[in-house]
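All heavy atoms count here, side chains included; hydrogens, waters and symmetry mates do not.
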Amino acid sequence: NQSDDSDELLLIGRRHLRSNNSWLHNSKRLGGGSNKCTLLMNAEDAQARGIDDKAMVQVSSRVGTVSVEVQVSDDMMAGVVSLPHGWGHHREGVKLDIAAENPGVSINQLTDEEFLDPLTGNAGFSGVSVQVGLE
């Protein structure tokens with residue numbers, strides 16, 4: 001059940017063309033370029049929280065917190081933030097040496113096992129309530 005707290009945002013996932021799944025992160029050829037593991041945030045939401053583009057923020061849900069760089073974008077709807085799937089290569093047991101050089105954060109640290117899709121009763125991976133603030 002989502003809270004009506006005005007500070008809360010809804011978290012959705014996303015994918016990148018050159019980073020479709022975690023196995024692509026272990027390719028030197030596809031791993032270059034800009035940071036792909038960023039939190040997309042609408043400019044209005046960022047401004048309301050005093051957050052500038054490329055700032056490091058903490059994203060917190062009922063079950064966890066991650067630190068990640070913000071990418072302010074008008075492509076995001078106000079009230080919604082987005083983290084990419086397939087990151088978190090710093091975890092114990094991960095055997096992706098190239099990917100571990102740029103581990104990113106895992107959206108799974110924020111998804112809430114008590115948040116269910118009301119129509120199907122399945123786990124709800126989109127629309128998890130989060131709060132975002134400067135580190």
>> Testing Ile51, Leu134, Asp52, Leu40 one by one against Val70 for a side chain to side chain contact (heavy atoms under 4.5 Å, CB included), which residue passes?
In response: Ile51
Separation between [atom1] of [X] and [atom2] of [Y], rounded to the nearest 0.5 Å:
| X | Y | atom1 | atom2 | answer |
| --- | --- | --- | --- | --- |
| Leu39 | Leu11 | CG | CG | 7.5 Å |
| Phe125 | Ile12 | CZ | CD1 | 15.0 Å |
| Asn42 | Ser73 | CG | OG | 8.0 Å |
| Glu44 | Asp74 | CD | CG | 8.5 Å |
| Gln109 | Thr65 | CD | OG1 | 9.0 Å |

> Hey, mind stepping through Val68 and Val59 against side chain to side chain contact (heavy atoms under 4.5 Å, CB included) and telling me if it holds?
Replying inline: CA-CA 8 Å; Val68 65; Val59 183; 3.9 Å; yes
Is any side-chain heavy atom of [Y] closer than 4.5 Å to one of [X]?
| X | Y | value |
| --- | --- | --- |
| Met76 | Val81 | no |
| Gln58 | Val132 | no |
| Glu113 | Arg62 | yes |

> Do Glu135 and Ser67 have side-chain atoms, one donor and one acceptor, less than 3.5 Å apart?
Replying inline: yes
Determine the minimum heavy-atom distance between [X] and [Y], stating which atoms define it.
| X | Y | result |
| --- | --- | --- |
| Leu10 | Ser129 | CD2-OG, 4.1 Å |
| Gly13 | Ser126 | N-OG, 4.3 Å |
| Thr120 | Asp117 | OG1-OD2, 2.7 Å |
| Val128 | Ser61 | CG1-CB, 4.2 Å |

> Can you list the steps and then say if Val66 with Leu110 is a side chain to side chain contact (heavy atoms under 4.5 Å, CB included)?
Replying inline: CA-CA 8 Å; Val66 298; Leu110 300 171; 3.8 Å; yes
>> With a 3.5 Å distance limit and no angle check, can you tell me whether Arg14 reaches the backbone of Ser82 through a side-chain donor-acceptor pair?
In response: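 Yes; at least one donor-acceptor contact below 3.5 Å.
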>> For Leu9 and Arg49: C-alpha separation, side-chain torsions, deciding distance, then whether side chain to side chain contact (heavy atoms under 4.5 Å, CB included) applies.
In response: CA-CA 12 Å; Leu9 301 165; Arg49 291 163 177 77; 3.5 Å; yes
